[in-house]
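Single-structure report; data block below.
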Amino acid sequence: MRAFGAESEATGGDAGAGAVALPAEGGIAILRLSPPVDAAVVGAAFRDRVRAAVEGGEGAASRAAALADAVRSSPAAGAGGIAICLTSRTAVGDWVAVSLAQCIVGAFPAWLAACDRIRAASHEALSNAVLRGNLGIPGLRTARGRELDRYLERVSAALRDDVMAAKPVIVLAHVASGELTVSVQDAGSGFSPTEIDLPGADVARPAAGVGQADRPLPHLGGRGLPLMRAFADAVAIECGGRRVSLVFRSTSPDRRDPGAMSDFPERAAPAAPAAATGTRSSGPATALTASAVHDQVRNCRILVVDDEVANRSLIGAFLEADGFGTVSYAVDGDTALAAFERQGADLILLDIGLPGIDGLEVCRRIVAGTDEARRPRILMQTAYTGIEERVRSFEAGASDFVTKPLMGAELMARVRMHLENLLLVRSLQEYRRRLEGELELARWMQSLLFPSPRVIDRVQTACGLSIAARSIASSELGGDFWTVGATDEVGGRQPRASLFVCDFSGHGVSAALNAFRLHTLIESLHGSRAVPAARLATLNEQVRSLLPLGQFATVLHCVIDPSAGRLVYTSAAAPRPILFDSKARTARCLEAKGVPLGSVQVPGYVDVAVPMPPGTGLFLYSDALIETKDATGAYLDEDRLCAIVAEAAALGQAEPILDRVLKAFYTGRSDPLPDDLTAVVALRG
């Protein structure tokens, strides 16, 4: 490594005439820039301390601490500015960012609170200067698989090259007007800032003819400048991308040192703009729209778990820049589990390689110990990119996986995506719970459409019948129902039984609502002496004014007259009823014609009368019984159904007969059926 003064011409002469070179082994030297002083002021003792700090120590932390102590003891510390000269090889070392930050805040103690911001921003600027400047390696479009492997191979090869690895990178720092400016300059080709997305940054366009401003470069992409912007108050690009200046202002709010505590206290979420706020209903929650979820995402609770101070600071800066205000931190697995138990979280950014309980075990415990409603989204993070790490993370219950070094745009996109999905799912779960409660109430109300046991007993006793029925909805609510009533006695005659079996088009809520309407109209007809055809004609006229176009109902209306020993029925496109003889064990389908209720203005319904002596009965059903395929794809046709009813008729009671028929139907079939099913048996004793 040559002395800084020898490099000044190649790097643009930024050191100034009064700079003092302090060469040291390892490629690091610290110089006083302003005001100019001579070498005697700095002294050999200080140079020796710098050399000892660079060469000595058991690890990065001890070397950084020693270097910071050397700077604090230097006459240059209070002189208004410092400079650090690195090579490409030393600039990408693991401990360089820590050294830089501690050197700078050592020279300017008032900036101690901004130490982590300075370190992270300057380290990113150094990375850009080395990789895209000195080494001339474009950034990655993605950080996956073979592309990442080739990228790392190119970086390693360049750093092994003596010329490339020895190129200088100059870090300058000075304070003026309440601002600390840290500038990083490389000796390479630089990069084009106009081709890198940097929303909201103060980017100075390179002057024409300087560096590479006059010729475009391929798209570089990457995270560098947005990341720097997240930490620094202002970022300026000069000399064709060869110099990056980072400005930190004393008026900026202090940031707590993540290394000083295991958990950050939560910051209050930012208040919503007045135009965006509105009165929220105190009633039950409803399903959120996507825009409403987007507005609430930044109020979510986020827990960042990482044992590295730099990583916590970096992630915290990303989150704060993106508007997240309720963020807490943990440094290991134990404190992460305690923090989650204490305050919960909507999303956890969880490092795999934690001391003590590792991230995978933390993930397993959180997933196993929380129900679905409280379970957070967990994004695992690690520097390993192998498929095994991904598989282990997902097996532990992680929601997603991000690799280090973290790319800000990708990380925040994943955070927002998972939080939006979480809020939508929670909202839908709440909406589903409310809907299920309302549907349960609706099912109970629909059950009132069916005759109560007391009504059935009264009809059975008055009319000498045995009655059994089943109604099975294909979804939460059905459009099928049946009802029975008895006419008043006239002239000593036995009352007549009046049965309706109704099936509305479709199923679900709309069909159920139509069923409520029709049931109300039918109940008013049970005591009527009118014949079935006249009753259906009256219903048709009333229903047509209630139903939307394209909706209709099939209805079979039967009147059983025990005194006359006959059955009179009318069909509105309903399946053909089956008349069976329990003594002779026979069954046959009766004729059934007519148009659906509500389909035409003049339906032309016709009554059909057949004998129904004691021991005979009726089997009435909706079309799901003969229009549902079994496991082989076959239907239960009318002939087979008549045979089943005839066989079951020998049981002599309505309930066993119905059970036997439905058991035969369900052989090879299972719920839920594609349509609502209703079946009724009425047997004369």
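The basis for the numbers below is simple: all heavy atoms, side chains too, and nothing from hydrogens, waters or symmetry mates.
- A donor-acceptor contact shorter than 3.5 Å is absent between the side chain of Ser571 and the backbone of Gly594.
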For this session: Give the intermediate values and the outcome of side-chain contact (heavy atoms from CB on, under 4.5 Å) for residues Leu590 and Val608.
Result: CA-CA 9 Å; Leu590 302 177; Val608 179; over 6 Å; no
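- Although no hydrogens or angles enter the test, the distance criterion places a donor-acceptor pair under 3.5 Å between the side chain of Asn540 and the main chain of Gly598.
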Exercise. Where do Leu673 and Tyr666 land on the side-chain contact (heavy atoms from CB on, under 4.5 Å) test, with the steps shown first?
Worked result: CA-CA 10 Å; Leu673 301 175; Tyr666 271 106; 3.6 Å; yes
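- Summarising the geometry, atom OG1 belonging to Thr667 is positioned 10.0 Å from atom CG belonging to Leu636; distances are rounded to the nearest 0.5 Å.
- Within the 3.5 Å criterion, the main-chain N or O of Val595 finds a donor-acceptor partner in the side chain of Tyr605.
- Nearest heavy-atom pair across Leu579 and Pro611 is CD2-O, 3.9 Å.
- Residues Pro575 and Leu625 form no side-chain contact, since every pair of their non-hydrogen atoms from C-beta on lies 4.5 Å or further apart.
- Although no hydrogens or angles enter the test, the distance criterion places a donor-acceptor pair under 3.5 Å between the side chain of Ser582 and the main chain of Gly615.
- To the nearest 0.5 Å, atom CG of residue Asp332 and atom CG of residue Asp351 are 11.5 Å apart.
- The shortest side-chain heavy-atom distance between Cys589 and Cys642 falls under the 4.5 Å cut-off.
- Side-chain atoms of Thr554 never come within 3.5 Å of backbone atoms of Ala573 as a donor-acceptor pair (strictly under, hydrogens ignored).
- Side-chain atoms of Arg301 come within 3.5 Å of backbone atoms of Gln343 as a donor-acceptor pair (strictly under, hydrogens ignored).
- With contacts defined as side-chain heavy-atom distances shorter than 4.5 Å, the pair Arg669/Thr628 qualifies.
- Note that OG of Ser399 and CG of Asn421 are 10.0 Å apart. Values are rounded to the nearest 0.5 Å.
- With hydrogens and angles ignored, the 3.5 Å screen pairs no side-chain donor or acceptor of Glu420 with any backbone N or O of Val297.
- Annotation: side chain of Lys629 is in contact with side chain of Tyr635 (closest heavy-atom distance under 4.5 Å).
- Using a 4.0 Å cut-off between charged nitrogen and carboxylate oxygen, Arg585 and Glu647 do not count as a salt-bridge pair.
- A side-chain donor-acceptor contact under 3.5 Å links Thr461 to the backbone of Asp457.
- Across Leu360 and Ser393, no two heavy atoms sit closer than the pair CD2-CA, 3.7 Å.
- In this structure, NE2 in His418 is found 10.0 Å from CG in Leu349, a value given to the nearest 0.5 Å.
- Residue Ile657 comes nearest to Ala648 through the heavy atom pair CG1-O, 3.2 Å, listed as atom of the first residue, atom of the second, then distance.
- Proximity of a side-chain donor or acceptor of Ser466 to a complementary backbone N or O of Ala654 within less than 3.5 Å is detected.
- Note that the CG atom of Leu347 and the CE atom of Met417 stand 10.0 Å from one another [nearest 0.5 Å].
- A 4.5 Å side-chain heavy-atom check between Thr403 and Arg390 finds at least one atom pair inside the cut-off.
- In this structure, Gln296 CD and Leu422 CG are separated by 11.5 Å, a value rounded to the nearest 0.5 Å.
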Exercise. Hey, mind stepping through Ser622 and Asp676 against side-chain contact (heavy atoms from CB on, under 4.5 Å) and telling me if it holds?
Worked result: CA-CA 8 Å; Ser622 59; Asp676 306 325; 5.8 Å; no
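- When side chains are defined from C-beta on, Val681 does not count as touching Gln653, because their heavy atoms never get closer than 4.5 Å.
- Closest approach of Val305 and Leu303 over heavy atoms only: CG2-CG, 3.8 Å.
- Between Asp480 and Phe450, the shortest heavy-atom distance links the atoms O-CZ, 3.9 Å.
- The closest side-chain heavy-atom distance from Val362 to Phe340 is not below 4.5 Å.
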For this session: Before giving the answer on salt bridge (charged side-chain N to carboxylate O under 4.0 Å, His left out), spell out for Glu430 and Arg434 the whole-Å C-alpha distance, their side-chain angles and the decisive distance to 0.1 Å.
Result: CA-CA 6 Å; Glu430 176 60 29; Arg434 183 171 66 86; over 6 Å; no
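- Remark: side-chain polar atoms of Gln494 are not paired, donor with acceptor, to backbone N or O of Asp561 under 3.5 angstrom.
- For Asp607 and Thr570, the side-chain atoms include at least one donor-acceptor pair closer than 3.5 Å.
- Among the candidates Arg416, Arg426, Arg298, Arg375, the single residue satisfying the salt bridge (charged side-chain N to carboxylate O under 4.0 Å, His left out) test with Asp346 is Arg426.
- Look at Glu361 and Arg365 and you find a salt bridge, because one of the NZ, NE, NH1 or NH2 atoms lies within 4.0 Å of a carboxylate O, short of that distance.
- In this structure the side chain of Leu518 reaches within 4.5 angstrom of the side chain of Phe481, judged on heavy atoms.
- Taking all atoms of both residues into account, the shortest heavy-atom contact from Arg684 to Pro562 is NH2-O, 3.5 Å.
- For CZ of Arg566, the number of neighbouring non-hydrogen atoms (other residues, nucleotides, ligands) closer than 6.0 Å is 12 at most.
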For this session: Given side-chain contact (heavy atoms from CB on, under 4.5 Å), test Leu618 with Ile560 step by step and report yes or no.
Result: CA-CA 10 Å; Leu618 274 175; Ile560 301 173; 4.3 Å; yes
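- A salt bridge links Arg470 to Glu655: at least one charged side-chain nitrogen sits closer than 4.0 Å to a carboxylate oxygen.
- When the shell of 6.0 Å around CD of Glu541 is examined, it contains 12 or fewer heavy atoms from other residues, nucleotides or ligands.
- The environment of Glu341 atom CD is sparse: at most 12 non-hydrogen atoms of other residues, nucleotides or ligands sit within 6.0 angstrom.
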